[in-house]
Amino acid sequence: MDEIKRIVTDIKNRNIKPIYLLQGDEPYYIDKISEYIEDNILSEEEKGFNQVILYGKETTVGDIIASSKRFPMMAEHQVVIIKEAQDLARTIDQLEDYVQNPQPSTVLVLCYKYKKLDARTKVFKGIKKNGLVFESKKLYDNQVGDWIQKVLAGKQYKINYKACQMLVEFLGTDLGTISKELEKLRLIIPPGNEITPEDIEKNIGISKDYNQFELQAALATKDVTKAVKIINYFGENEKNNPMVFTVTMLFTFFSALLKYHGASNKSWDHMTKKVGIRSYLLKNLKPAASLYPLKKVSTIISILNEYDAKSKGMGSKAANTDLMREMITKIMA
């Protein structure tokens, strides 16, 4: 986030680069920086003649070069933004000559999502020399909670630890989705307040007691009573808790348990960064590993596949709630 602040500060101070390559796996920051450039380099009066937005699928590198070589009309700069520039991956090398000698009055923004340009190419080296390269990296699971707290703190909010974990566990690492949900909360809750699990449950629809992650916790400790209560709740609220989603989440959990059993190093860092297990799963894997040996976990994977098929009408006409009760009974047997 410090690098983003520097980019924004430079633009505010009119230290503007002729080319911005915004690339990487996390689209949230790419969108935020390109939106800031779109909103702030030109005045509203200047944008009509001097701001062009193109899309990778609908344009060519030749069109981009032609637009970039134009001179601004009654303005200091013109802005050319290429959204979904990754769709030009096969031909982007044709920018080589332009990036070596970019038009000083043009601000060319390449939004290259989910991928990175090869740093060995002349195009990349030219952009790095004459412009700015920003890599937007995905956060690790264990970093998302801190990110939520920082974003909210910047808006004069606090968030309860459990409420923060509910968001992380339910929404994962998709910062765009999380940001939209935080915006919903900000529209309802006045600044200066602490966001609670009740706020999350009421306004986002994540039950603080009956959700996929509480079900995983119940299964991890073989808490039959709690698991049945959650399944009954899912049955009563099937629209928000479809069986196919429950099976998918349990498949993710027990697949992670397979990896956990197979790992010699079970430290937090190793399991999240090297093995690739999401941090919200780890807290339940240790107790689950003591109750579900490797052979049983393999059997559970087969059970989940069986009930996934049954939920889709293959070999069963039972109601999904009944199927889920059968499924968790077999899992905990």
Side-chain angles (χ1 to χ4, degrees), residues 24-28 114-116 135-150 161-175 177-178 206 208 210-224 226-227 230-231 234 241 243-309 311 324 327-333:
D25 295 327
E26 179 50 70
Y28 177 80
Y114 313 111
K115 297 180 179 181
K116 293 189 292 182
E135 183 181 348
S136 185
K137 297 179 180 179
K138 276 278 188 186
L139 295 184
Y140 290 115
D141 292 326
N142 58 2
Q143 296 174 311
V144 178
D146 288 340
W147 182 85
I148 290 172
Q149 290 176 337
K150 287 178 182 177
Y161 176 77
K162 183 175 180 180
C164 188
Q165 289 304 112
M166 286 169 68
L167 288 174
V168 174
E169 292 174 352
F170 193 76
L171 300 175
T173 60
D174 187 336
L175 300 188
T177 300
I178 294 171
I206 307 170
K208 69 181 190 302
Y210 301 105
N211 56 61
Q212 298 293 340
F213 309 101
E214 291 297 329
L215 176 61
Q216 289 173 16
L219 292 177
T221 56
K222 290 195 174 182
D223 187 336
V224 177
K226 184 176 179 181
I230 294 171
I231 291 299
F234 286 177
N241 302 279
M243 183 173 175
V244 65
F245 182 59
T246 300
V247 172
T248 300
M249 294 297 287
L250 291 180
F251 185 85
T252 299
F253 177 74
F254 283 103
S255 296
L257 186 54
L258 274 179
K259 293 179 181 179
Y260 187 86
H261 272 301
S264 55
N265 181 352
K266 292 180 170 59
S267 70
W268 187 280
D269 278 353
H270 181 78
M271 296 305 291
T272 55
K273 296 177 182 178
K274 301 296 183 183
V275 182
I277 293 176
R278 290 186 171 184
S279 59
Y280 70 79
L281 295 170
L282 272 177
K283 65 181 180 183
N284 291 320
L285 291 182
K286 187 174 181 180
S290 64
L291 294 173
Y292 299 94
L294 186 60
K295 187 176 180 181
K296 174 63 177 177
V297 179
S298 297
T299 301
I300 289 171
I301 297 295
S302 298
I303 291 170
L304 291 171
N305 286 327
E306 173 192 349
Y307 279 86
D308 179 54
S311 72
M324 285 195 287
M327 181 178 70
I328 64 165
T329 299
K330 288 184 178 181
I331 287 172
M332 291 189 287

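- Within the 4.5 Å cutoff, the side chain of T173 has no heavy atoms near those of the Y140 side chain.
- Within 6.0 Å of NZ in K226 there are more than 12 heavy atoms belonging to other residues, nucleotides or ligands.
- Listed by chain and residue number, nothing satisfies the side-chain hydrogen bond (donor to acceptor under 3.5 Å, both in side chains) test with N211 (two or more places apart in sequence, or in another chain).
- The line from CD1 of I328 to CG of L215 is 6.5 Å long, rounded to the nearest 0.5 Å.
- You'll find the side chain of L285 reaches within 4.5 Å of the side chain of F253, heavy atoms only.
- Taking the side chain as every heavy atom from C-beta outward, F254 and I331 approach each other to under 4.5 Å.
- For residues 243-259, there are no salt bridge (Lys or Arg N to Asp or Glu O under 4.0 Å) pairs, not counting sequence neighbours.
- With sequence neighbours excluded, no residue forms a salt bridge (charged side-chain N to carboxylate O under 4.0 Å, His left out) with K286.
- Every residue two or more places apart in sequence or in another chain that forms a side-chain contact (heavy atoms from CB on, under 4.5 Å) with A309 is listed here: M314.
- Remark: K330 pairs with I303, E306, Y307 by the side-chain contact (heavy atoms from CB on, under 4.5 Å) rule, at least two apart or across chains.
- Shown here are the side-chain contact (heavy atoms from CB on, under 4.5 Å) partners of S255, two or more places apart in sequence or in another chain: F251, I301.
- Partners of D25 by side-chain contact (heavy atoms from CB on, under 4.5 Å), not counting sequence neighbours, listed by chain and number: K138.
- Y292 is linked by a side-chain hydrogen bond (donor to acceptor under 3.5 Å, both in side chains) to nothing, counting only residues two or more places apart in sequence or in another chain.
- Remark: Q149 pairs with no residue by the side-chain hydrogen bond (donor to acceptor under 3.5 Å, both in side chains) rule, at least two apart or across chains.
- Although no hydrogens or angles enter the test, the distance criterion places a donor-acceptor pair under 3.5 Å between the side chain of S136 and the main chain of E26.
- From T221, atom OG1 reaches atom CG of L291 across 7.5 Å, with rounding to the nearest 0.5 Å.
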Q: Show your working on side chain to side chain donor-acceptor pair (under 3.5 Å) between N265 and S267 and close with a plain yes or no.
A: CA-CA 6 Å; N265 181 352; S267 70; 3.0 Å; yes
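- Atom NZ of K115 sits in a sparse spot, with 12 or fewer heavy atoms from other residues, nucleotides or ligands closer than 6.0 Å.
- Using a 4.5 Å cut-off on side-chain heavy atoms (C-beta onward), L167 and V144 make no contact.
- Annotation: side-chain hydrogen bond (donor to acceptor under 3.5 Å, both in side chains) contacts of D174 (sequence neighbours excluded): T177.
- Y28 meets the ring pair (Phe, Tyr, Trp, His ring centres under 6.0 Å) test with W147; sequence neighbours excluded.
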